[in-house]
Number of protein chains: 2
Amino acid sequence: MASRAKATILDIAREAGVSKSTVSLVLQGSGLIRPETAVKVRKAIEDVGYVYNRGAANLRKAHSNVIGMVINDLTNPFFAELAVGMERVFQAAGVVPFIANTAENPVRQEEVLKSMMEQGVAGLIVSPARGTTPGAFRRIEAAGVPVVFAMRRLPESRIPAIAPDNHRGAVLATEHLIRKGHRRLAFFGGSSDLVVYRERLGGFLEACETLGIPAADRTIVEGETSRKGGMACLETALALAEPPTAALCFNDAVAFGVMLALRRRNLEAGVDFAVVGFDDVAEAEHYSPALTSVAVDTAGLGERAAHVMLKMIQSRTTRAEDHIGAVSLVVRESSGPDRNNQVGDAA
Amino acid sequence: MASRAKATILDIAREAGVSKSTVSLVLQGSGLIRPETAVKVRKAIEDVGYVYNRGAANLRKAHSNVIGMVINDLTNPFFAELAVGMERVFQAAGVVPFIANTAENPVRQEEVLKSMMEQGVAGLIVSPARGTTPGAFRRIEAAGVPVVFAMRRLPESRIPAIAPDNHRGAVLATEHLIRKGHRRLAFFGGSSDLVVYRERLGGFLEACETLGIPAADRTIVEGETSRKGGMACLETALALAEPPTAALCFNDAVAFGVMLALRRRNLEAGVDFAVVGFDDVAEAEHYSPALTSVAVDTAGLGERAAHVMLKMIQSRTTRAEDHIGAVSLVVRESSGPDRNNQVGDAA
DNA sequence: TCTAATAAATGGAACGTTCCAATAAATCAA
DNA sequence: TTGATTTATTGGAACGTTCCATTTATTAGA
């Protein structure tokens, strides 16, 4: 226990025999102070067990070094990967990201955002909870704090969004399945209150349209965006009179659920039923059979979001361009050809 | 945009025609102010787009409402579950948890802890990164900020730890495998620089000892605590002259890896090789075959840790009792009997 | 009516920083 | 030597709150 009451800059000044201003300068690494003085001060800092009070500093500086990251579902490994990319660039910029989880709950999100604002964050990176109202960020924008959306966007908002090219990804995946000979296709999981859902489903439908899959042969099953949701989707689809032979899933979690449900029925993904996921989380590659998925370069999107954020802070603006990240289809084992309709496909 | 420069308590006072002290009282929900006045003030708060400055407040109050949660690996769903439990109790107490990831890197951890201290957190819940030195928390303790360890503990530290009964869990799991007729047992994953590892391995060895499994029939393979690590462990073990027929894994991630590696070899977990995990993450139940695992009541531990933290803050102490959480073995499909050594076991 | 007690509202100092303007000390040019 | 310049250091005001001690307004008791 170095000291009872917490030490301040004045205690250091006294200890080192200089003024508080000098200590402040040392703390900020100013080149104005004589090296020997700096050494003396730093020793004093060590001796009194000082911890910097950023709250007090921000009172004057008006520019904090923390940015908030507000995530709708921390249990999805996808977001951990996103966070990794962000942390890389923030660390280099001397910015500390604080993460908070909203658990897909708009009320909780409101509280969390309020807290972060009160804490004086310099900016906010948000993956908004489902059901977020457009007004939720009005006050934050009004306060001049930059916000960027990651992965998800809000319908009517002018807040910049960093997201993968969901439409194109879905087109790629759907074309792949059709080229494999599948003619009765399904889209599994998610629900239409999500912009991402509409984009991905839109790509799916467009590819079906273009390549001549009639509407009657398309099955759309909404559901939770989790393993459990995926399992349910498959059961629903297989109960149909003319079940699909392949499915594009809203995300990898849903795809994993579908594969588990297949195994329960003693069917094999890639042989008896083709499955394609979305996001290409690390696990996709290690699954068995390995999951074909749309890779969105999660960490890269995180980096991009962080960069955009830094630029906004620096230029004191609350506006920025959207950024649509490139996607690619990673073909693995789970998306084999339709057994009843083999077509020659080199891939 | 309500206003250019951010509004303060004085702007509200002017707007509402009261003094700043009155506004402060309203903000704190004091019962001393007349209801009509409170209403008037609250309206003004709304009108000027005020956001509370907690930094300034803490300057006087010395008691913040944020506690920091420092996690070694955010990609492990286990920690998300832990966070869920904590958030439940913190929310009720009006405390906001900020999460930061150290990615198992002690240097990063140092930075993150420093940042949180500077931010003036009221307490810290930490799952320390591997390789954390005992001195890492000296300054924090000296500053009188309560710290509790969750899941992991440090060898020589007197900081209270909330963790499951790792030893007992390993004993339960090992006894289960032996009762199933297995005689050549393995312990997969982890490494001996982790206290948790030593506890779990200790339980494994003790059960082997007690139930008469000679040291020659025990295989211990250290490895990464991930799917990939688990896959490597299985390969190593099966390459032995007399390979084991069952394994207790350091955690579920390792167990999933082992099961994937088995499938690659066309072996089935629970039939050709018994696998038991540790932690019982949500996924264990949904895997195929479903994974037998030691349930540690993750969310419950999170709640407990949060409660201990709150009590420490309240009583201004930096000391508390350790808490060892009860564990139970959840038997599912992955831990079938030894095919070559069937014994009558009702379970 | 006046006084005492209670309720409601207020001014000012303090919290730990930063940063500007000012001072002090050292160096240089003449 | 003197003044000008550069290099180090410093005092004090300001940032947005809280909280204590007061003041002012209201109500009750006589």
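What you are looking at is a predicted structure, and each value in this text was computed from that prediction instead of being measured.
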- Query: What do the steps show when you test A:L310 against A:V95 for side-chain contact (heavy atoms from CB on, under 4.5 Å), and what is the final call?
  - Reply: CA-CA 9 Å; A:L310 289 178; A:V95 167; 4.1 Å; yes
Rounded distance in Å - [atom1] ([X]) to [atom2] ([N]):
X	N	atom1	atom2	value
B:N53	C:dT17	CG	P	15 Å
A:E36	C:dA25	CD	C1'	14 Å
B:N58	C:dA14	CG	C1'	15 Å
A:R54	D:dT17	CZ	P	20 Å
B:K20	D:dC15	NZ	C1'	14 Å
B:H63	C:dC15	NE2	P	18 Å
B:I12	D:dG16	CD1	C1'	11 Å
B:K61	D:dC20	NZ	P	13 Å

To the side chain of [X], which of [options] is closest?
X	options	answer
B:Q28	D:dC19, D:dT9, C:dG16	D:dC19
A:L32	D:dT17, C:dT10, D:dT9	D:dT9
B:A57	D:dG16, D:dT17, C:dT10	D:dT17
A:T22	D:dT10, C:dT10, C:dG16	D:dT10
B:A56	D:dG16, C:dT18, D:dT9	D:dG16

- Query: Any ion pair linking B:K114 and B:E110 (charged N to carboxylate O, less than 4.0 Å)?
  - Reply: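 Looking at B:E110 and B:K114, the cut-off is not met.
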- Between B:D11 and B:K6, is the closest basic N to carboxylate O distance under 4.0 Å?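 Salt bridge: no.
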- Query: For A:E141 and A:R138, what are the C-alpha separation, side-chain angles and deciding distance, and is it a salt bridge (charged side-chain N to carboxylate O under 4.0 Å, His left out)?
  - Reply: CA-CA 5 Å; A:E141 280 196 286; A:R138 234 211 7 254; over 6 Å; no
Is there a donor on the side chain of [X] or the base of [N] sitting less than 3.5 Å from an acceptor on the other?
X	N	result
A:R60	D:dA14	yes
A:K6	C:dG16	no
B:S21	C:dG11	yes

Does [X] put a side-chain nitrogen or oxygen below 4.0 Å from OP1 or OP2 of [N]?
X	N	answer
A:S24	C:dT18	yes
B:R34	C:dA9	yes
A:T8	C:dG16	no

- Is atom NZ of A:K40 surrounded by more than 12 heavy atoms (other residues, nucleotides or ligands) closer than 6.0 Å?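 More than 12 heavy atoms, drawn from other residues, nucleotides or ligands, come within 6.0 Å of this atom.
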- Task: Assign B:L27 to base, sugar-phosphate, or nothing according to its heavy-atom contacts below 4.0 angstrom with the strands shown.
- Result: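 It contacts nothing in the nucleic acid.
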- Query: Mapping B:L59 and B:L25 to their closest nucleotides on DNA chain C, which lands nearer the 5' end?
  - Reply: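 Whichever sits nearer the 5' end wins; that is B:L25.
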- Query: With side chains defined as the heavy atoms from C-beta onward, is the minimum distance between A:T298 and A:F79 less than 4.5 Å?
  - Reply: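 Not touching, per the 4.5 Å side-chain cut-off.
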